[in-house]
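Chain naming here is simple, since letters A, B, ... match the order of the sequence lines and numbering starts at 1 in each. Note that this is a predicted model, so its numbers are computed, not measured. All values below come from the heavy atoms of this structure, side chains included, with hydrogens, waters and symmetry mates left out.
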Amino acid sequence: MAGFKYILKRMAWSIFVLFGLSILIFCIARVIPGDTATMALGSTASEHAKELYREQNHLNEPLPVQYFYWIGDAVRGNFGNSTQTKRPVATDIKEFLPATLELIAFAAILEIIGGIGLGVLTARKPGGLLDNSVRVTSYLGIATPSFVWGILFMLIFCHWTHLLPTIGRLSSNIVPPKNITGLYVIDGILTGNTAAAWDAFKHIIMPGTALALTGIAQSARMTRASMLDNMDKDYVSAEIAAGIPMRRVMWVYVLRPSAIPAVSMIALDIAAMLGNAFMVEQVFSYPGVSKYCLNAILNKDLNAVVGVVLVIGVSFLLVNIMVDIISAFLDPRIRLQGGTI
Amino acid sequence: MVEQKQPILRIEDLYINYKVYGGYSYVIDGLNLNVFPGEKIALVGESGCGKTTTVKSILRVLPKQAKIAGGSIVFDGHDVLNIKPNELNEVRRRKMSMIFQDPTASLNPVFTIGKQISDSIKYSGLADRKDKKAIKERAIQALNDCSMPDPERIMGNYPFQLSGGMRQRVCIAMALATASKFMIADEPTTNLDVTIQDQVLKLIRNLTDEKDMSLILITHSMGVARMMADRICVMYAGNIVENAKTEELLEKPQHPYTVGLMNSIPKLTGDSILSGIPGRLPSYLTPPPGCRFSTRCPHAFDSCFVKKPPFYDIGNGHQVACYLHDKSVPQSIKEEAVSNE
């Protein structure tokens with residue numbers, strides 16, 4: 001099957017990309033000034049201890065050899081210890097990543113439904129009331145950084161109305177659900193602990209929305225633009241002239257060819273959220289991986305930075321593969337000719 | 001014979017403007033056209049004279065910037081310009097179809113041929129909406145009618161997998177699958193090579209004859225018009241200037257524009273450079289107040305620049321919109337005008 005072959009080809013390519021990415025990250029980590037042994041053992045450590053450390057960690061070998069030692073560890077999930085938490089970086093990521101993933105999943109759903117939905121609705125009557133109001137609000141959405149939204153939401157929903165909890169992942173009186181996926185909402189539902197699921201959900205509403213708003217505004221505008229572009233095509237006139245209901249023409253026949261640019265944008269935006277979420281995570285004291293990475297950078301905790309950056313890189317790759325698969329599903333010309341748009 | 005019946009389509013005094021930057025472009029200028037049941041009409045004229053605009057207004061698929069400023073269109077008892085959306089869709093689904101100009105643009109690129117034909121059949125009410133098998137049979141039948149080889153396979157293909165001629169056959173099949181009374185073909189062969197052109201035209205002619213349907217065929221080739229039409233309407237700058245039976249018009253063209261148009265046809269035997277018509281279409285933003293052809297007409301005299309000429313009946317169903325046929329204009333003025341070259 002042509003489609004399956006196409007996916008395999010894409011995956012094979014991404015292995016090469018991943019290899020390049022790992023080299024890049026390794027070089028950055030090694031090129032940054034500062035003696036690794038001194039950073040690990042502290043400035044008071046003796047010269048002998050440092051030399052021993054270097055010997056043990058292959059730091060006296062040439063860089064390419066070091067790379068192979070490092071990548072060997074990395075593929076086994078060993079990124080060394082974090083100097084902040086004194087724990088293996090992998091353990092830290094395992095703890096903080098699900099929190100961010102949960103946040104991003106919520107933001108992604110909002111962005112897909114909100115962005116594409118508003119795009120289609122506004123394209124139906126360009127210059128109409130809905131179109132104009134969405135346009136004005138979307139400028140606001142694009143221009144306002146997510147942390148400002150976060151603070152604004154806190155003011156409205158916590159300080160004034162007390163509708164939603166302010167900070168963290170769970171209220172202090174709630175026991176976290178049994179760890180299955182690490183996503184509290186999912187775990188809560190799976191273990192029947194609906195109270196925890198609901199509480200965790202309430203905690204992600206504000207940061208998730210704040211994170212998604214810019215993306216919603218952008219993807220709504222992009223969907224609208226490509227819908228309008230395609231609505232001028234003869235085939236749309238032909239479909240209308242055949243008496244196919246307008247709603248179906250819009251949501252099926254025009255949306256499908258128009259969705260590809262919006263889908264690519266949304267997907268990359270979602271991947272970028274892993275790195276960008278620190279703004280809202282910081283505002284809402286949400287214990288996510290993005291905030292962890294920010295602190296690692298501030299404390300020159302290189303092992304942690306490398307670990308998180310690699311995770312972000314891998315997720316970009318996965319998202320890109322997904323975009324390719326979705327685009328191929330949406331447009332047969334990509335699937336059957338193997339071309340790109 | 002045919003003329004004694006009531007027209008199935010009656011366009012009266014139609015005005016259509018396009019909104020452009022800095023004003024309106026007055027394109028269709030008081031157009032009148034009757035089409036009788038079973039009659040085949042060719043609408044001939046140079047590019048930009050409003051042929052496509054006219055026919056698109058019948059199915060109400062004009063682009064958004066076009067405004068119908070006046071007149072009426074009555075099709076088979078439906079007042080098309082003041083019709084409810086549901087009734088309009090009924091007309092589109094069951095009675096009238098349109099074949100668009102460019103077969104590469106008039107099929108949706110991301111859906112299979114089968115899906116597109118099936119959908120228009122589904123909404124036409126010719127088969128039960130839930131009866132997928134019956135719909136599919138109808139679709140295959142429609143493709144078969146258009147002498148498509150291997151319709152079963154074509155149903156699963158995407159437009160880009162077919163040649164231009166095949167695509168136009170698909171469009172014709174789609175149009176004919178649901179229409180029962182009226183067919184509009186907007187330059188169906190312009191983008192096809194000559195041999196395919198001939199096949200496609202014969203197909204349209206035969207299939208519309210079989211169902212005793214009326215046809216409006218847009219073309220700028222007099223040859224095509226001669227082969228296909230019972231009657232030819234010559235259009236210039238938003239109005240019909242001459243309307244006559246095919247043989248009559250080809251043998252005795254009366255309007256100076258028609259004469260010029262006939263002189264522009266390259267002949268295989270000719271070796272002289274064609275005389276043609278000097279100049280180009282007038283600006284629709286500020287059209288000439290009188291006859292719109294007056295600016296290019298070799299025979300224009302005073303009256304032509306003042307007031308738009310009405311239709312003059314010169315017998316045998318032949319109508320000309322030209323003051324040279326006004327009986328109240330003195331013979332001496334006419335003679336002087338005609339001798340002007």
Cut-off 4.5 Å, heavy atoms of chain A, and the answer for B:Q116 is both
Scanning both residues in full, the closest heavy-atom pair of B:Y123 with A:G243 reads CB-O, 4.2 Å
When every non-hydrogen atom of A:A241 is compared with those of B:R92, the smallest separation belongs to O-CB, 3.2 Å
Closest non-hydrogen atoms of A:P245 and B:N89, given as atom of the first, atom of the second and distance, are CA-ND2, 4.4 Å
To the nearest 0.5 Å, atom NZ of B:K56 lies from atom CD1 of A:I240 at 10.0 Å
dist A:D234:CG -> B:T52:OG1 (nearest 0.5 Å) comes out at 9.0 Å
One option among B:A175, B:P109, B:P85, B:P63 has the most heavy-atom pairs under 4.5 Å with chain A, and it is B:P109
When the 4.5 angstrom heavy-atom criterion is applied to A:M246 and chain B, the contacting part is neither
In terms of heavy-atom contacts, A:V252 and B:F111 come closest through O-CZ, 3.5 Å
One option among B:L59, B:V61, B:N108, B:L88 has the most heavy-atom pairs under 4.5 Å with chain A, and it is B:N108
Margin query: Are there over 12 heavy-atom neighbours, none belonging to B:K211, within less than 6.0 Å of that residue's NZ?
Written below: yes
Smallest heavy-atom separation, B:K64 atom then A:P126 atom, equals CE-CD, 3.7 Å
- Query: So do A:R248 and B:D119 actually touch side chain to side chain, heavy atoms under 4.5 Å?
  - Reply: yes
Honestly, the part of B:L107 sitting under 4.5 Å from a heavy atom of chain A is backbone
Go through the steps for B:K115 and A:Y253 under the test side-chain contact (heavy atoms from CB on, under 4.5 Å), then give the verdict. CA-CA 11 Å; B:K115 163 104 176 142; A:Y253 283 107; 4.2 Å; yes
